[in-house]
Amino acid sequence: MAENNNFPKSWKKSSKPHKFCPGCGQSLALKNLGFVIDELQIADKTVYACDIGCSLLTWDMFEIDTIQTHHGRVVPTMVGFKLAKPSAITIAFMGDGGGYAIGAQHLINAAMRDDPITAILINNANYAMTGGQMAPTTLVGQKATTAPNGRDWQKVGKPIHGPEMLAEIAQEGSYIARTISTDIADCKTKIRKALQNQIDGRGFSFIEIISMCPVNWHTDALQSLDFSEKEMTKVYPLGEFKCPQKLA
Amino acid sequence: MNKELLTGNQAIVKGALASGAQMMTGYPITPTTEILENWAEEAAKNSNLNFLQTEDEMSAGFSMIGGVLAGLKTFSATAGPGNVLMQDALVMAESMRLPTVVFINQRGGPSTGTVIYSQQELNLTCFGGNGEGLRIVYSVGNPQEMYDYAIKAFNTAWRYRFPAFVLGDGYSAKTLTEVETYSLEERKIERVSSAPYLLGEDNSSGSVNLRNTYNLETELNTLLMKHKMAFDGFTSEIVEFDDYQTLGAEIVIVAHGNIAISAKCAIDILKSEDEKVGLFRPITLNPFPSETLRSVVQKKKLIVVIESSLGQFERMVKENLYGENIPMVAIKKPALGINPDEIVERVKDFLKEMNG
Ligand SMILES: Cc1ncc(C[n+]2csc(CCOP(=O)(O)OP(=O)(O)O)c2C)c(N)n1
Ligand code: SF4
């Protein structure tokens with residue numbers, strides 16, 4: 001069979017098609033991750049861990065060693081793995097509920113301790129797997145099943161800015177950025193830097209990826225693109241919030 | 001063999017080292033904090049030992065799992081509310097059959113204040129969270145046992161691949177006393193080895209994708225039944241108890257941990273007064289030595305359950321003696337120690353009542 005240039009080598013063939021909904025941004029992000037793993041030739045020393053949330057749908061997505069953990073606990077699992085086996089490249093993949101709510105303390109402390117893992121967080125502005133509840137990232141006014149009239153910032157505060165917050169805490173060798181799954185080039189570059197930083201042994205790396213969730217947003221393809229690329233980036237600017245010189 | 005003056009917590013760290021532990025993750029909590037501190041000191045001296053002070057006990061539990069997955073004998077220690085938080089990780093270890101060792105030194109109450117003693121973490125440690133309680137729990141009552149069972153817990157966990165616990169209390173953890181330390185070699189104890197679950201040497205059969213999520217109820221049911229069969233299969237190999245003078249006794253005291261040691265002293269006093277009293281002490285609370293207890297209590301006149309909790313242990317004893325028709329009384333003093341004199345007095349009262 002001819003090589004498929006659109007199919008990362010580090011993806012597992014037998015588990016495709018993947019389990020995400022049609023139009024989901026997470027699969028775009030993870031295809032990029034797959035290509036970066038291929039390019040860096042790190043498949044045989046990489047451990048990929050996923051959280052609970054739609055991220056769990058990736059438990060058998062890759063042809064690399066993987067572990068699916070509990071909700072919010074993917075970061076400490078990879079921190080422990082990396083401590084025990086420093087030569088491993090460790091990836092912790094999670095949603096915004098996993099990283100900014102139930103597991104926020106882990107992310108903050110990993111950044112503070114400069115744990116040399118790569119954390120990738122999907123910002124889809126809701127709790128997707130459980131059916132569209134409000135997340136720390138839900139936009140002001142955006143409706144969610146637990147915010148039927150839209151997020152009221154006076155009652156429940158304003159959306160969290162994860163990378164900006166972590167950049168305040170993180171040490172000098174950290175790489176911290178925000179990208180969007182639909183800008184394939186930007187997304188890939190940042191994933192690559194976030195992994196290169198770990199390979200170089202510099203420190204903690206984190207990227208937030210803005211991602212479409214048409215199912216819970218109740219949007220068609222165009223509206224999904226519109227919401228993520230226009231509405232979300234207004235609140236969540238793309239960029240690098242911490243970048244070691246060597247990666248710049 | 002060496003005789004050393006050690007606290008229970010020091011004995012635990014020495015036992016862990018003797019058995020080949022390589023990594024500890026944890027969060028400070030009385031009365032286990034010295035385990036964390038002593039291990040931190042050891043790790044500072046020896047670059048082969050890993051140590052991580054985590055942000056909480058959930059992180060301690062999951063980073064311990066990370067260490068285990070990478071192939072290191074990794075352990076943690078906690079107590080009370082920390083034991084509650086760590087169950088999230090321990091349930092994952094249980095359902096994925098990952099070996100872990102956790103030292104629990106029980107303390108009283110839900111929060112703080114009474115942080116030194118109780119036997120109130122029996123239910124939590126034996127049955128944990130949203131799982132089936134497929135875990136091995138050794139109940140220990142003094143620093144010597146903390147050393148001995150630290151060694152045993154690592155071997156049991158890594159041999160059978162289920163979480164193992166050493167359940168102690170702050171009294172034993174903080175007591176300074178003579179402890180006999182030894183290497184596994186001099187006692188001819190095999191050291192069960194550990195291998196990585198992920199990124200192992202042999203990747204000939206492709207990548208390893210571990211999960212703890214299932215699409216169908218039947219899938220999960222099949223897996224759990226398989227685990228249960230495995231657990232039941234080795235139960236007879238690991239179940240442990242101490243039978244002290246129950247032959248010829250009319251009354252059998254059933255107690256565990258620190259209280260069992262107190263009861264042993266009481267029995268010596270009662271024996272010297274010719275009272276017919278014996279002790280049955282389960283050392284593994286899970287799996288429980290039910291068959292032995294059942295045969296020990298046959299034809300006895302009275303069973304006396306003694307515990308520093310409000311019936312957690314009594315329920316366990318009753319469940320394991322279901323169908324036996326022997327009178328049972330209990331001395332239940334949640335969060336309080338029970339000394340031998342008190343046991344002597346209470347047992348004498350029972351004897352008086354019994355013999356009219
Ligand atoms: C301790 C715990 N609490 C709650 C849940 C239920 N739960 C599963 S996924 C989820 C939300 C996931 O949201 P997020 O992390 O944003 O990921 P997404 O599904 O949006 O990708 C929740 C609350 C759980 N599995 N475990
Ligand atoms: S629910 Fe949303 S985030 Fe989850 S797979 Fe479907 S589209 Fe993607």
Side-chain angles (χ1 to χ4, degrees), chain A residues 10-15 19 43-53 55-90 92 102-113 115 117 129, chain B residues 22-27 43 47-76 85-93 95-96 98 100 129-130 194 196-201 203 206-215:
Chain A
S10 52
W11 268 22
K12 200 185 214 56
K13 287 205 178 76
S14 58
S15 63
K19 302 175 180 74
D44 59 347
K45 55 176 173 172
T46 297
V47 166
Y48 167 92
C50 57
D51 211 78
I52 295 295
S55 68
L56 78 82
L57 302 173
T58 64
W59 73 266
D60 64 347
M61 188 158 197
F62 291 92
E63 195 62 78
I64 58 177
D65 284 5
T66 62
I67 170 84
Q68 167 257 320
T69 68
H70 284 190
H71 193 27
R73 313 296 167 227
V74 70
V75 167
T77 308
M78 282 303 93
V79 166
F81 195 98
K82 183 77 179 181
L83 178 64
K85 193 175 171 85
S87 63
I89 303 301
T90 51
I102 195 166
Q105 74 275 39
H106 307 316
L107 210 43
I108 288 170
N109 282 277
M112 179 202 74
R113 285 188 303 252
D115 291 325
I117 65 165
M129 171 127 284
Chain B
Q22 298 154 295
M23 170 160 152
M24 178 187 186
T25 61
Y27 188 83
S47 62
N48 293 322
L49 301 177
N50 288 318
F51 170 68
L52 180 67
Q53 179 176 334
T54 56
E55 56 278 16
D56 58 34
E57 290 84 354
M58 293 177 288
S59 181
F62 282 95
S63 50
M64 167 175 68
I65 287 178
V68 169
L69 291 170
L72 298 193
K73 284 195 179 168
T74 309
F75 73 100
S76 190
L85 292 184
M86 205 177 283
Q87 291 303 325
D88 188 10
L90 293 165
V91 165
M92 169 159 155
S95 70
M96 297 181 76
L98 298 173
T100 53
N130 53 332
S194 143
Y197 285 75
L198 300 175
L199 299 188
E201 312 249 290
N203 52 6
S207 58
V208 180
N209 301 129
L210 299 177
R211 65 166 161 163
N212 189 22
T213 167
Y214 299 92
N215 296 330

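Below, each value reflects all heavy atoms present in this structure, side chains not excepted, and no hydrogens, waters or symmetry copies. Just so we're on the same page: letters track the sequence lines, and every chain starts at 1. Nothing here was measured: the structure is a model prediction, and the numbers come from that model.
Proximity to chain A is limited to the side chain of B/Met23, based on heavy atoms less than 4.5 angstrom apart. Heavy atoms closer than 4.5 Å to chain A are found nowhere in B/Met64, neither backbone nor side chain. Using a 4.5 Å cut-off between heavy atoms, A/Ser87 does not touch chain B at all. Neither the backbone nor the side chain of A/Tyr48 comes within contact range of chain B; no heavy atoms are under 4.5 Å apart. Only the backbone of A/Ile64 comes within contact range of chain B, with heavy atoms under 4.5 Å apart. For A/Lys82, no part lies under 4.5 angstrom from a heavy atom of chain B.
Within the 4.5 Å cutoff, the side chain of A/His70 has no heavy atoms near those of the B/Met58 side chain. Counting heavy atoms from C-beta outward, B/Leu198 and A/Lys85 have side chains that stay 4.5 Å or more apart.
Considering CE of A/Met78 and CG of B/Leu69, their distance stands at 6.5 Å, rounded to 0.5 Å. A/Arg113 contributes atom CZ, which lies 7.0 Å from atom OG1 of B/Thr54 (distance to the nearest 0.5 angstrom). Note: B/Ile65 CD1 to A/Thr77 OG1 = 6.5 Å, rounded to the nearest 0.5 Å. Residue A/Trp59 holds its CH2 atom at 11.5 Å from CG of B/Asn212, rounded to the nearest 0.5 Å.
The residue among B/Leu72, B/Leu52, B/Asp88, B/Thr25 with the most heavy atom pairs within less than 4.5 Å of chain A is B/Asp88. When each of A/Leu83, A/Leu56, A/Val75 is checked for heavy-atom pairs under 4.5 Å with chain B, A/Leu83 comes out on top. Ranked by heavy-atom pairs under 4.5 Å with chain B, the list A/Asp60, A/Thr90, A/Ile67 is led by A/Ile67.
Across all non-hydrogen atoms, the minimal contact from B/Asn50 to A/Ala84 is ND2-CA, 3.9 Å.
Environment of CZ in A/Phe62: crowded, with over 12 heavy atoms of neighbouring residues, nucleotides or ligands closer than 6.0 Å.
In this structure a side-chain-to-backbone donor-acceptor pair under 3.5 Å is present from A/Gln68 to B/Thr213.
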